[in-house]
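Please read all numbers here as calculations on a predicted model, not as lab measurements. In this chain, residues are counted from 1 in sequence order.
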Amino acid sequence: MTQSFWLFGSCLSIVADHTTTGGQYDLIEGYFPPGSQTPPHRHTRYSEQLYVLEGEFTVWADEHKVVLGAGESFFIPIGTTHVVAALSEQPARGLVIAAPSAFARLIEAVGTQDETAASDMALFERISAEIGDEILGPPGTLPAVATRI
């Protein structure tokens with residue numbers, strides 16, 4: 001059963017998690033309204049593959065910047081500082097595979113059912129640390145390495 005949550009202005013739907021994949025991966029469908037973006041961060045225990053279903057995503061990954069359209073994908077290895085954003089005037093929708101499973105735990109613990117409700121930042125920071133995520137700045141900022149592009 002798919003569960004949907006709002007986190008940092010994006011709607012993230014958990015399609016598959018550790019309960020259905022044996023912990024091998026999470027499959028998340030993300031809807032990013034125009035202008036939404038993740039905080040700069042890196043995953044120390046899992047990789048991330050982004051596949052664009054609709055719209056356009058801009059990804060900053062270490063010193064690289066790439067703009068992806070529908071049908072394109074981008075792999076973010078473990079330890080890569082990155083930001084994912086929907087910067088065009090249209091929303092973007094994509095699939096994320098996080099392997100091994102961990103990201104869905106963060107979404108379920110911290111996400112809200114109300115798109116206008118703020119997430120519990122103390123809980124976000126605690127769960128992020130537990131799953132090996134390092135948050136490197138607030139949403140709306142770019143990783144320091146990306147500003148040199």
Are any side-chain N or O atoms of [X] and backbone N or O atoms of [Y], one a donor and one an acceptor, separated by less than 3.5 Å?
X      : Y      : result
Thr38  : Val84  : yes
Glu72  : Gly69  : yes
Asp26  : Ala98  : no
Glu29  : Ser4   : no
Thr112 : Asp114 : yes
Ser88  : Gln90  : yes

Whether over 12 other heavy atoms sit under 6.0 Å from Phe57 CZ: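 Counting other residues, nucleotides and ligands, CZ of Phe57 exceeds 12 neighbours.
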Neighbour count above 12 (heavy atom, 6.0 Å) for Gln113 CD: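 Atom CD in Gln113 is crowded, with more than 12 foreign heavy atoms closer than 6.0 Å.
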For residues [X] and [Y], is any side-chain donor paired with an opposing acceptor at under 3.5 Å?
X     : Y      : value
His41 : Glu134 : no
Asp17 : Ser101 : no
Arg42 : Thr80  : no

Quick check: closest heavy atoms across [X] and [Y], and the distance to 0.1 Å?
X      : Y      : answer
Trp6   : Gly9   : CZ3-O, 3.6 Å
Ser10  : Pro33  : CA-CD, 4.2 Å
Thr2   : Val15  : OG1-CA, 4.2 Å
Ser119 : Leu7   : OG-CD1, 3.4 Å
Ala86  : Ala92  : CB-CB, 4.0 Å
Tyr46  : Pro100 : CB-O, 3.4 Å

What's the separation between atom [atom1] in [X] and atom [atom2] in [Y], rounded to the nearest 0.5 Å?
X      : Y      : atom1 : atom2 : answer
Leu106 : Ile127 : CG    : CD1   : 7.5 Å
Gln37  : Thr141 : CD    : OG1   : 7.0 Å
Ile135 : Ser128 : CD1   : OG    : 4.0 Å
Leu95  : Leu50  : CG    : CG    : 8.5 Å
Arg126 : Phe124 : CZ    : CZ    : 13.0 Å
Ile28  : Ile14  : CD1   : CD1   : 5.0 Å

Derivation of the side-chain contact (heavy atoms from CB on, under 4.5 Å) call for Leu68 and Glu56: CA-CA 6 Å; Leu68 303 169; Glu56 184 177 279; over 6 Å; no
Is the closest side-chain heavy-atom distance between [X] and [Y] below 4.5 Å?
X      : Y      : result
Arg105 : His18  : no
His82  : Ile76  : yes
Thr81  : Leu136 : yes

Residues that Phe5 engages under ring pair (Phe, Tyr, Trp, His ring centres under 6.0 Å), provided they are two or more places apart: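 Testing Phe5 for ring pair (Phe, Tyr, Trp, His ring centres under 6.0 Å), a comparison that skips the adjacent residues, returns none.
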Which residues share a ring pair (Phe, Tyr, Trp, His ring centres under 6.0 Å) with Tyr31, sequence neighbours left out: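 Per chain and number, Tyr31 pairs via ring pair (Phe, Tyr, Trp, His ring centres under 6.0 Å) with no residue.
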Let me check something: do [X] and [Y] share a hydrophobic cluster, defined by ILVMFWY side-chain heavy atoms less than 4.5 Å apart, either directly or through other members?
X      : Y      : result
Phe103 : Leu123 : yes
Ile97  : Leu53  : yes
Phe75  : Val66  : no

Ring center gap for Phe32 and Phe8 short of 6.0 angstrom: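 Ring centres of Phe8 and Phe32 not closer than 6.0 Å.
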Gln3/Ser13 under side chain to side chain donor-acceptor pair (under 3.5 Å): CA gap, chis, key distance, verdict: CA-CA 5 Å; Gln3 298 175 295; Ser13 300; over 6 Å; no
Step-by-step side-chain contact (heavy atoms from CB on, under 4.5 Å) determination, Lys65 to Thr58: CA-CA 7 Å; Lys65 176 185 174 185; Thr58 301; 3.7 Å; yes
Partner set under side-chain hydrogen bond (donor to acceptor under 3.5 Å, both in side chains) for Arg45, not counting sequence neighbours: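 In terms of side-chain hydrogen bond (donor to acceptor under 3.5 Å, both in side chains), with neighbours along the sequence ignored, Arg45 is linked to no residue.
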